Amino acid sequence: MTIQWFPGHMAKARRQVTEQLKLIDVVIELVDARLPASSRNPMIDEIIAHKPRLVVLNKADMADERLTRKWIAYFEQKGFKAISINAQAGQGMKEITAACKELVKEKFDRMIAKGVNPRAVRALIVGIPNVGKSTLINKIAKKNIAKTGDRPGVTTAQQWIKVGKELELLDTPGILWPKFEDELVGLRLATSGAIKDAILNLQDVAVYALRFLSAHYPEKLKERYNLTHLSEDIVELFDDIGKRRGCLLSGGIIDYDKTAEIVLRELRAGKLGRITFEEPNEYAEIEA
Ligand code: GDP
């Protein structure tokens, strides 16, 4: 479900997360490993403030491993702990518990020194829609407690999911909004499938995706569409791919909507291989 983020919804989402923060020791900030900057909430540092944070790059199965390593180093350099996982396959679950424990170690050691009995670490998962929060919660809970999809404004009683003896997770994730005022962020989110196709023009998104792939993953693009040469002219590139896939209207004209849809569908399904849309260096430049 795509959320319409109006100012009122954003304020409410923020209030809900702020309330949830009072209950927990550690924040697990979930991002999409293919776009670890664009899939973050722009006010996250302000909202989370002083809670220890684990940045979890999810969907690592679809991302470029070389860049995932760079992104982990980037987040660690910013002072967070960072790991990559594949929530769908349940890979990286143990690392989450270990990292959460490490983040509270000093605090818990102090509590134990004061004679307080050790307890499980309490954590909250936060992230923008579609980064895999429900998938991760379901996987951790090993049963269908969390519903896949987003329901902002639906307040349900908070429940804890016990992960062994050492971790307790709030069953409702904190849902925050993406940085949609930035066009490039919007295009990257749309390319990854995080934004409903009806919101942005399909052909615009495919133009972005094809230009990006031509520049950064030309071999993958050529291989997928059996092309010997990638035309620099975007219309010609559409024509070449459209022809290969039989996207023709009457009179032999290329059906650009259909071509755009095929490229995006296949890209999102991982048919072009592991692809990451942004690099830490480039993002640091945007931030500066
Ligand atoms: P939420 O809105 O953050 O709760 O996201 P969901 O849990 O609903 O996941 C959004 C989509 O991403 C779903 O289609 C999931 O199947 C998919 N997904 C979640 N985690 C992974 C992952 O690690 N790898 C892949 N390939 N897909 C994932």
Side-chain angles (χ1 to χ4, degrees), residues 1-5 9-10 12-13 16-17 20 27-42 44 47-48 54-65 67-69 71-72 82-96 99 123-156 158-159 161 169-180 185 188-197 199 220 264-277:
M1 188 193 295
T2 305
I3 302 173
Q4 292 292 312
W5 289 105
H9 292 146
M10 286 155 70
K12 189 163 183 182
Q16 281 179 350
V17 170
Q20 288 171 310
V27 173
I28 299 173
E29 184 194 354
L30 207 59
V31 301
D32 187 323
R34 295 169 297 170
L35 46 157
S38 296
S39 59
R40 300 183 86 193
N41 169 271
I44 191 82
I47 295 170
I48 303 304
L54 171 64
V55 178
V56 173
L57 288 83
N58 188 34
K59 309 195 189 185
D61 54 305
M62 301 191 78
D64 186 327
E65 289 149 298
L67 291 177
T68 299
R69 282 195 294 277
W71 276 108
I72 288 177
I83 59 170
S84 65
I85 67 161
N86 170 357
Q88 210 168 44
Q91 279 160 10
M93 303 299 108
K94 282 200 188 107
E95 286 80 356
I96 292 181
L124 166 71
I125 294 176
V126 303
I128 68 164
N130 267 306
V131 288
K133 298 178 296 299
S134 308
T135 306
L136 177 59
I137 291 174
N138 287 337
K139 215 32 151 195
I140 285 184
K142 292 205 182 77
K143 51 184 173 175
N144 225 21
I145 292 179
K147 293 183 190 75
T148 302
D150 302 291
R151 305 169 68 202
V154 180
T155 338
T156 45
Q158 299 277 341
Q159 285 189 6
I161 297 165
L169 195 65
L170 272 181
D171 76 337
T172 323
I175 304 165
L176 293 169
W177 60 94
K179 187 179 175 182
F180 31 44
V185 169
R188 286 174 179 170
L189 285 168
T191 303
S192 77
I195 290 181
K196 270 266 158 63
D197 283 338
I199 293 176
K220 289 187 159 135
L264 292 174
R265 182 172 9 99
E266 297 190 349
L267 180 61
R268 290 168 187 166
K271 297 264 167 63
L272 280 97
R274 290 164 162 254
I275 284 159
T276 295
F277 295 99

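Counting starts at 1 for both ligands and their atoms, following the listed order. Worth knowing before you read on, the calculation uses all heavy atoms, side chains too, and leaves out hydrogens, waters and symmetry mates. Quick note: residue numbers are just sequence positions, from 1. These figures come from a predicted structure and were not determined experimentally.
- In this structure the side chain of Lys179 never reaches within 4.5 angstrom of the side chain of Asn41, judged on heavy atoms.
- Comparing Ile125, Leu136, Leu57, Asn86 by heavy-atom distance to atom 22 (C) of ligand 1, the nearest is Asn86.
- Between Ala87 and ligand 1, a contact under 3.5 Å exists for at least one N or O pair.
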Side chain to side chain contact (heavy atoms under 4.5 Å, CB included) between Ile137 and Ile140, intermediate numbers included
CA-CA 5 Å; Ile137 291 174; Ile140 285 184; 5.8 Å; no
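- Compare Asn58, Ile85, Asn130 by their heavy atoms: the one nearest to atom 10 (C) of ligand 1 is in Asn130.
- Residue contact check for ligand 1: Pro129 places a non-hydrogen atom closer than 4.0 Å to it.
- A donor-acceptor pair under 3.5 Å is absent between the side-chain atoms of Ser84 and the main chain of Leu57, judged by distance alone.
- When the side chain to side chain contact (heavy atoms under 4.5 Å, CB included) test is applied to Lys94, no partner is found at least two apart in sequence or on another chain.
- The N/O atoms of Val131, backbone and side chain alike, include one that comes under 3.5 Å of an N/O atom in ligand 1.
- Near Asp61, meaning under 4.0 Å from any of its heavy atoms, are these atoms of ligand 1: 22 (C), 23 (O), 24 (N), 25 (C), 26 (N).
- With a heavy-atom cut-off of 4.0 Å, Met62 touches ligand 1 through its side chain alone.
- Remark: side-chain polar atoms of Glu65 are not paired, donor with acceptor, to backbone N or O of Ala60 under 3.5 angstrom.
- Put simply, the side chain of Asp171 gets close to the backbone of Gln159: a donor and an acceptor are under 3.5 Å apart.
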